[in-house]
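This report refers to the structure that appears directly beneath it.
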Amino acid sequence: MAKDRGSFSKIGFILAAAGSAVGLGNLWKFPYTVGENGGGLFVLIYLLSVIIIALPVLMAEICLGRHTQKNLVGAYEKIKPKTPWKLAGYLGVLTGLMILSFYSVIAGSTIGYFFKAITGQFTNITGTQAIEIYRGFSSNNILQIFLLALFIFITVYVVSRGVSGGIEKYSKILMPVLFGILTLLLIRSLTLKNAAKGVEFYLKPDLKALTPGLIVAAMSQAFFSLSLGMGTMVTYGSYVAKKENIPTSAGWIAFFDTAIAILAGFIIFPAIFSQGMDPAQGSGTMFNVIPVLFAKMPGGIIFCPLFFLLLSIAALTSTISVLEVPVAFVVDEKNWDRKKAAYIIGFISILFGIPSALSQGGVKFFSHLPLIGMGFLELWLLIWGSIALSIGAFFIATFIGYAWKTNGAIRELKQGAENFKLGAVWAVAIKYVAPILILLILISSIL
Ligand code: TRP
């Protein structure tokens with residue numbers, strides 16, 4: 001008798017998967033990446049990447065997980081036992097460990113900013129002061145490491161409690177709260193002076209900005225934001241019942257995730273332009289802009305901490321899903337106790353996270369790595385949060401297209417979705433469109 005791996009309810013799955021997808025990728029990374037890539041054109045190519053590449057891969061991951069009822073390594077192993085495909089599974093597990101390590105540094109900063117906001121440290125601040133405050137905060141090494149460890153610890157706590165009692169329960173409370181606060185902020189930002197300039201920057205595609213780099217950034221952003229390429233959605237899919245409709249669920253997840261990223265842009269860009277700030281200020285954007293926005297808002301003293309609380313929550317439902325990948329692997333394949341697995345893997349990612357924590361300004365070596373010049377966190381984001389995910393998504397698509405074969409996959413997809421008509425279109429996307437585009441984009445990024 002197989003041990004009980006836990007399961008999601010219908011709405012629980014959509015909320016947990018949307019909770020995984022919606023996170024710092026949408027609220028922190030998306031706006032500054034749009035800013036660095038010149039605005040509207042990036043947004044357009046991002047949307048195309050979501051529809052053409054990411055959505056089919058999302059369905060593929062959930063389908064693979066539900067069919068095998070396994071973590072990523074176990075899923076490869078179940079369909080093609082004793083083949084090198086398993087290595088693609090290990091890549092996913094390693095990627096999870098690494099993403100958790102640097103992601104939790106930024107997530108920890110959102111907790112730090114919550115405390116700064118609630119103790120009134122942002123009252124009446126200007127843009128210049130906000131930048132100063134962030135510089136001081138992010139170069140405080142002890143604090144950065146403490147917040148990293150704290151965030152991973154909270155993640156470990158939830159994951160150790162299992163699928164329905166932990167992950168599902170918290171996602172159901174946290175996701176609706178997030179929507180509410182975002183809507184409020186949107187109204188404030190759009191009614192600021194000069195908001196229209198921000199909206200124009202955000203929406204108007206400038207075709208001159210088109211470079212291979214921009215396309216790579218947009219596609220990787222789509223994978224990162226939808227939590228694809230390392231088996232998160234395979235693992236979550238393994239907790240989904242056969243009666244659930246995968247195509248519809250995947251559609252909702254992609255819709256929520258994209259809507260929130262787009263919304264975040266409508267909050268950040270009007271605020272940046274109304275302050276006369278630079279839209280291309282990199283990873284500090286969120287921390288520099290939001291406190292100023294609230295300082296100008298009636299009730300800002302309440303909404304500002306609320307916002308950072310929201311960011312922490314969104315980040316938490318994501319880190320939970322990242323940690324779940326290596327945890328499900330050792331629980332399924334190595335028979336570890338879930339609690340022990342969560343604590344040990346959490347501890348390892350804290351260690352891996354330390355260079356990222358020190359790269360936020362506190363240690364010159366890590367903030368400007370020799371030879372490459374970029375910071376350690378940025379480098380890790382590029383290697384694990386972009387390249388490794390693209391490679392992982394390539395493996396998942398080719399595995400389903402050529403090893404498992406799309407006919408088997410379509411049969412799985414149709415369970416719970418008897419009238420799903422786009423099976424053939426999906427098969428083309430998984431066998432040809434996604435792998436070819438991923439490969440082209442990866443190669444062009446290396447060149
Ligand atoms: N998608 C999340 C975000 O946008 C981050 C995340 C969670 C993730 N699980 C993942 C990214 C798996 C890549 C792979 O913040």
Side-chain angles (χ1 to χ4, degrees), residues 24-25 27-33 35-37 94-95 97-117 121-122 125-153 213 216-217 220-221 224 268 272 277-292 308 311-312 315 319 346-388 445-446:
L24 299 176
L27 301 165
W28 164 77
K29 187 166 179 280
F30 179 75
Y32 84 73
T33 313
E36 285 176 337
N37 285 286
L94 181 67
T95 306
L97 201 66
M98 294 304 168
I99 290 186
L100 184 62
S101 79
F102 70 78
Y103 194 94
S104 301
V105 171
I106 306 295
S109 295
T110 65
I111 296 195
Y113 260 54
F114 166 72
F115 282 105
K116 273 189 185 302
Q121 295 181 42
F122 300 139
I125 58 165
T126 62
T128 333
Q129 287 168 324
I131 292 173
E132 272 311 303
I133 292 182
Y134 183 63
R135 200 169 287 150
F137 171 80
S138 59
S139 56
N140 183 337
N141 294 326
I142 305 289
L143 182 63
Q144 288 295 319
I145 293 176
F146 169 75
L147 291 171
L148 158 72
L150 176 67
F151 206 89
I152 292 190
F153 180 77
V216 178
S220 325
Q221 175 65 27
F224 188 83
I268 295 288
I272 290 180
M277 289 167 120
D278 177 9
Q281 48 183 301
S283 60
T285 305
M286 177 113 261
F287 299 99
N288 295 334
V289 172
I290 292 292
V292 185
F308 283 106
L311 265 183
S312 321
T319 52
F347 182 73
I348 298 173
S349 10
I350 294 177
L351 296 182
F352 277 111
I354 290 176
S356 292
L358 300 180
S359 76
Q360 295 302 86
V363 177
K364 184 92 192 296
F365 177 83
F366 289 117
S367 56
H368 298 274
L369 289 169
L371 299 177
I372 40 182
M374 59 166 73
F376 190 89
L377 193 151
E378 259 177 284
L379 179 68
W380 243 217
L381 182 61
L382 178 69
I383 294 178
W384 303 104
S386 167
I387 300 170
S445 84
I446 292 164

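Remember, it's a predicted structure, so these values are computed and weren't measured experimentally.
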Using every non-hydrogen atom in the two residues, find where [X] and [Y] come nearest and quote the distance to one decimal.
X	Y	result
N37	A217	ND2-CB, 4.1 Å
I152	G346	CG2-O, 3.5 Å
Q360	S138	O-OG, 3.1 Å
A130	I125	CB-CD1, 3.7 Å
G385	I99	CA-CD1, 4.3 Å
S356	V105	CB-CG2, 3.8 Å

- Message: Could you check whether any side-chain N or O of S104 sits under 3.5 Å from a backbone N or O of S101, counting only pairs where one atom can act as donor and the other as acceptor?
- Response: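 Pair absent, no side-chain N/O of S104 close to backbone of S101.
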- Query: Would a distance-only check, ignoring hydrogens and angles, find a side-chain to backbone donor-acceptor pair under 3.5 Å from Q144 to S109?
  - Reply: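 Not a single qualifying donor-acceptor pair exists.
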- Query: Run the side chain to side chain contact (heavy atoms under 4.5 Å, CB included) check on T126 and V292 step by step: do they pass?
  - Reply: CA-CA 6 Å; T126 62; V292 185; 5.9 Å; no
Can you tell if the side chain of [X] reaches within under 4.5 Å of the side chain of [Y], non-hydrogen atoms only?
X	Y	value
I272	N288	no
F224	S386	no
Q281	V289	yes
L100	F352	no
F308	F115	no
I268	M286	yes
W384	L94	yes
K29	L381	yes

- I354 and I145: side chain to side chain contact (heavy atoms under 4.5 Å, CB included), yes or no, with the steps? CA-CA 6 Å; I354 290 176; I145 293 176; 4.0 Å; yes
Roughly how far apart are [X] [atom1] and [Y] [atom2], rounded to 0.5 Å?
X	Y	atom1	atom2	result
L27	I106	CG	CD1	13.0 Å
L148	S349	CG	OG	8.5 Å
L143	L150	CG	CG	10.5 Å

- Task: Return each pair, listed once, that meets salt bridge (Lys or Arg N to Asp or Glu O under 4.0 Å) where at least one residue sits in residues 129-150; pairs must be two or more places apart or across chains.
- Result: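 Found E132-R135.
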Which atom pairs, donor and acceptor, lie under 3.5 Å between side-chain atoms of residues 364-380 and protein residues at least two apart or in another chain?
from : atom 1 : to   : atom 2 : distance (Å)
S367 : OG     : V363 : O      : 3.3
S367 : OG     : K364 : O      : 3.3
E378 : OE1    : G375 : N      : 3.0

- Would you check, one step at a time, whether the test side chain to side chain contact (heavy atoms under 4.5 Å, CB included) holds for Q121 with Y113? CA-CA 9 Å; Q121 295 181 42; Y113 260 54; over 6 Å; no
- Message: Can you tell me if L351 has over 12 outside heavy atoms packed within less than 6.0 Å of its CG?
- Response: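 Above 12, so yes.
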- Message: Between L24 and T110, does the side chain to side chain contact (heavy atoms under 4.5 Å, CB included) criterion hold? Intermediate values first, please.
- Response: CA-CA 10 Å; L24 299 176; T110 65; 4.1 Å; yes
- Looking at residues at least two apart in the chain, or sitting in another chain, which of them share a ring pair (Phe, Tyr, Trp, His ring centres under 6.0 Å) with F102?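 F102: no ring pair (Phe, Tyr, Trp, His ring centres under 6.0 Å) contacts found.
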